[in-house]
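Computed from a predicted structure; not experimentally measured.
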Amino acid sequence: MGMTITEKILAAHCGKKSVQPGELIQSKVDIALANDITAPLAIKQFKKLKAKKVFDSKKIVLVPDHFTPNKDIESAEQCKMLRSFVYEQKIEHYYEVGRGGIEHALLPEKGIVLPGDVVIGADSHTCTYGALGAFSTGVGSTDFAAAMVTGKCWFRIPETIKFIYKGKLKKWVSGKDLILYTIGDIGVDGALYHAMEFSGEVIKNISMADRMTMCNMAIEAGGKNGVIQPDDTTIEYIEARAERPYEIFNGDKDAKYKEIYEYNCSKIEPQVAFPNLPSNTRPISEVGEVFIDQAVIGSCTNGRIEDLRIAAQVLKRKKVHSYVRLIVFPATQNIYKQAIKEGLINIFINAGAAVSTPTCGPCLGGHMGVLAEGERAIATTNRNFSGRMGHLRSEVYLSNPAIAAASAIAGKIVSPDEL
Amino acid sequence: MKSYGESKMRFQGKIHKYGVNINTDEIIPARFLNTSDVVELAKHCLEGLDEDFIHRVSTGDIIVAGKNFGCGSSREHAPLAIKECGISCVIAETFARIFYRNAINIGLPIVESKQAVKDAQTGDEILVDLEKGTIKNLTKKSLYKIQPFPSFMQELMKVGGLIEYVKKKTE
Ligand code: SF4
C-alpha cells in the first residue's frame, strides 16, 4: 500500500521501509529548536539527565524571540540562561537580538530546515516547515531536552487528512484566508493528532510565504503537522539557501487518507476569525461593524516580506485612523532590512504606524503592544484565545495583512475595497 | 518543587469541571512565562480561565474538562503548573496533542473518557485507577472503562516521565 509524504519521511527516519498510522516510532531528529520561554525548562531537564554534551551542536537551534529585547529582569535572566548554554555547548545556530528574528520565519530563511527533515521544536508553530516538505511538529521542553541528548523523539504515526484547493483566488485572498476558512470548516480540533496535507492547483500557484502561513496554522486545527508536497517553487526557494544535502519525499498516488476535503476557492472571501477561537470565522462581507483599538501586522504567520508588501500597498498615502494604533513587526532582521530597501517601512511610518524590531512581542501579549481591558485588536497572528494579546477581557480578531491594514485606516474591520 | 519520580496509578479527589477547548493561554497566561520556576507558575494555574481556582484547589483534586483540553501553545509550563498546584489527574474528552505528550513526559496522569466527563460535576468525588483501567464517580455511583495507553506510554508513566525513562536507557 502507498504512503503519504508524512509517512515516508517518518519511515525513513526510523529506519523502516514502511510505517502505518497508529504505530509508535523512535525517529531521528534533524533539527531541534527552542526559544527563550521553552529552552530554560529544557535546560533544567537536560541538567537532570546529567548529560554533558548535546548529541550534535549543529542540529540544535536556539532563538530568543518571545520576550526579547528583554522585557523585564526575569526575561533577561531566562535569556541569559539560554546564552550560557549556547556558549557551554557551542551551539552553532543561535540568533541574538538584532541578528535573528521570530524562529519560524528565521529557520526557513536561513536554510536551516530543509525538505525531508524531521524537525521538532519546543514551540507549537514548528509545524510551519511542512511548507518545505519536511515533517515538522511542536513538542514540549522535556521532549526537546531528551532530543538534545539522544537525537531522537517518539511519535505516533498520524493518519493524514488531505485538503485540496481548487479554483481561482479572489482579490485580497491569501494563504491566511485559506487556512482560516479550513479551520472554520473543521474546527479547532478538526485535525487532532492528524497530519494535514495541503494540495491542489491553488497551492501550486501560491508563494512559499503563503504556504508557510498555511502550515503554520495547522496546529490551530489540532494538527500534528501541516505538509505540502515540494515542487518547483519549493526547490527554487531551497536552492538559494540550503547548505547541506536534502531529500525530497513524494507521497504515493495510492496513499491512504483518513479524509479528503475539497474546497472551491473561487467562492472564498477574505476571512476574519472572531474571538475567542481561530475557528470562529466569517467572510469579510459578513463582519458587520467592528471598531478596533489596535491593528497588528507581523508574527511568524504573516510577518514576511510578501505580507509587508501587501500591507504597504494598502497603506500607501493613507493615514492610520486617529483612534487606532497600528503596530508592524517584521518577522526577521533580513525582512526588516528588505522592507527598508523597498520603502515599505517609510510607508508604514508615514501612515502613522509604530514599527517594531522583530520579536514575538504583541502576538502572545508579551510586550510591545499589550491590550487593556475591553480593547479590541485585529491581528495577522494565529491565535485569538481570550487574553492572548493582553487583558482577559480584551479581544483579538484574526485576518490577513490586507484586511488588517485597511482596518487600521478605517478604524473598524473592513476590506481594502471599502476604503 | 514536587518530585516527579515513580508515579502512582490510583488517584482519588474532588472534581473541578471546565468546558471545551481549554487552551494553554487560559491554563497559564503568557505574561507569567518569564520564569521557569514551577512553584511560581503554579500560583497562576488556570488564572486565565478561573481566577479563583487556585484558592479552591487542594492536593489530590482532579480536573475534568471537555474536548481538546490544553490546545494552543507548546508551553510545558501548563501541565507543570497543574501538577505543581496539587492536581493529581486530568480527565478530558480529548487532549490537544502537545499537551498530551507534555503531560505524559512530565508524569502528570491524564485520562480520556467522554462519558465520565459528561456525567461529572464540580464537587463530585472521583477515583481513577490506571492499573484497572477504570474511573469511578463515587458521588454519582457510576463506573467507566478507560482505554489503556499504548505500552510505551504506560512505561513512561510508570517510571515518572521521559527524563527518568531516558536516564534509565542511557545509564
Ligand atoms: S510570533 Fe506568535 S505564534 Fe509565532 S512564535 Fe512568536 S509568539 Fe508564537
Side-chain angles (χ1 to χ4, degrees), chain A residues 22 24 37-45 48-51 66-67 71-78 81 121-126 137-143 145-146 149-150 154 156 158 187-189 192-193 219-220 222-224 276-277 279 364-366 370 383 385-388 390 392, chain B residues 1 4 20-27 29-38 40-41 47-49 51 66-69 71-80 93-107 150-153 156 161-167 169-171:
Chain A
L24 275 169
I37 286 183
T38 55
L41 272 178
I43 293 167
K44 286 187 181 171
Q45 296 289 50
K48 265 200 215 155
L49 277 167
K50 303 212 172 45
H66 278 61
F67 290 158
K71 83 174 175 98
D72 53 22
I73 294 168
E74 287 84 357
S75 312
E77 297 291 347
Q78 300 274 90
M81 195 166 154
D123 190 279
S124 60
H125 295 101
T126 304
T137 192
V139 296
S141 297
T142 299
D143 272 315
V149 179
T150 62
W154 64 269
R156 185 183 154 276
V188 286
D189 64 345
L192 193 60
Y193 305 124
I219 179 72
E220 305 319 328
K224 180 173 218 149
N276 294 314
L277 285 177
S279 58
L364 78 162
V370 176
R383 251 174 213 156
F385 301 143
S386 40
R388 172 70 180 178
L392 196 54
Chain B
M1 179 171 163
Y4 295 133
V20 298
N21 298 319
I22 304 301
N23 62 71
T24 53
D25 279 291
E26 292 173 315
I27 298 171
R31 62 180 180 280
F32 302 122
L33 302 183
N34 54 4
T35 175
S36 48
D37 176 352
V38 290
E40 210 37 59
L41 292 169
E47 195 171 313
L49 177 68
E51 278 159 327
K67 63 178 186 149
N68 206 22
F69 185 86
C71 64
S73 97
S74 71
R75 61 188 73 152
E76 212 164 279
H77 312 65
L80 283 172
E93 280 183 43
T94 54
F95 290 91
R97 66 160 281 278
I98 307 181
F99 186 93
Y100 182 99
R101 293 186 75 97
N102 286 347
I104 288 179
N105 284 343
I106 65 153
S151 57
F152 168 68
M153 278 177 223
L156 277 187
L162 185 64
I163 292 299
E164 297 304 318
Y165 179 83
V166 172
K167 238 197 212 161
K169 292 267 148 165
T170 51
E171 257 164 25

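For the atom pair OG1 of A:T137 and CD1 of B:I98, the computed distance is 6.0 Å after rounding to the nearest 0.5 Å. The CZ atom of A:R388 sits 5.0 Å away from atom CG of B:D25, with the distance rounded to the nearest 0.5 Å. Note that CD of A:E77 is 12.5 Å distant from CG of B:D37, once rounded to the nearest 0.5 Å. Expressed to the nearest 0.5 Å, how far CG of B:N68 lies from CG of A:L277 amounts to 9.0 Å. Within the model, atoms CG of A:D72 and CG of B:N34 stand 4.5 Å from one another, a figure rounded to the nearest 0.5 Å. For the atom pair CG (A:D143) and CD1 (B:I163), the distance works out to 9.0 Å, reported to the nearest 0.5 Å.
A heavy-atom distance below 4.5 Å is not found between the side chains of A:S124 and B:R75. Looking at A:D189 and B:F69, their side chains never come closer than 4.5 Å, going by heavy atoms from C-beta outward. When side chains are defined from C-beta on, A:T142 does not count as touching B:R101, because their heavy atoms never get closer than 4.5 Å. Contact annotation: the side chain of A:Q45 approaches that of B:E76 to within less than 4.5 Å [non-hydrogen atoms, C-beta and beyond].
The residue among A:A76, A:G138, A:G366 with the most heavy atom pairs within less than 4.5 Å of chain B is A:G138. Interface remark: of the candidates A:S141, A:G387, A:A51, A:S141 forms the most heavy-atom pairs closer than 4.5 Å to chain B. Between chain A and the residues B:C71, B:A30, B:P29, the most heavy-atom pairs under 4.5 angstrom are made by B:A30. For chain B, the option among A:V370, A:I73, A:V188, A:T38 with the highest count of heavy-atom pairs below 4.5 Å is A:V188.
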Practice task
Begin from the C-alpha positions of B:F95 and A:Y193 and carry the test side-chain contact (heavy atoms from CB on, under 4.5 Å) through to its verdict.
Solution key: CA-CA 9 Å; B:F95 290 91; A:Y193 305 124; 4.1 Å; yes

Exercise for the section: I would like to know whether B:N105 and A:W154 meet side-chain contact (heavy atoms from CB on, under 4.5 Å); could you show each step before the answer? Expected result: CA-CA 11 Å; B:N105 284 343; A:W154 64 269; 3.5 Å; yes

Handout entry: Steps toward side-chain contact (heavy atoms from CB on, under 4.5 Å) verdict (B:T24, A:F385)
Key = CA-CA 9 Å; B:T24 53; A:F385 301 143; 5.6 Å; no

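Of the two parts of A:S75, the backbone and the side chain both hold a non-hydrogen atom closer than 4.5 Å to a non-hydrogen atom of chain B. The parts of A:I37 that come within reach of chain B are both its backbone and its side chain, each placing non-hydrogen atoms under 4.5 angstrom from that chain. Interface residue A:L24: only side-chain heavy atoms are found under 4.5 Å from chain B. Interface remark: B:S73 contributes backbone and side-chain atoms alike to the contact with chain A (heavy atom separation under 4.5 Å). Heavy atoms of A:I43 lying under 4.5 Å from chain B are absent altogether.
Residues A:L192 and B:A96 come closest through the heavy atom pair CD1-CA, 3.7 Å. Here the closest non-hydrogen pair linking B:N102 and A:V139 is OD1-C, 4.2 Å. Nearest heavy-atom pair across A:S386 and B:E26 is OG-OE2, 3.6 Å.
For the pair B:S36 (side chain) and A:L41 (backbone), a donor-acceptor distance under 3.5 Å is absent. Panel note: side chain A:R383, backbone B:G72; a donor-acceptor pair is recorded below 3.5 Å.
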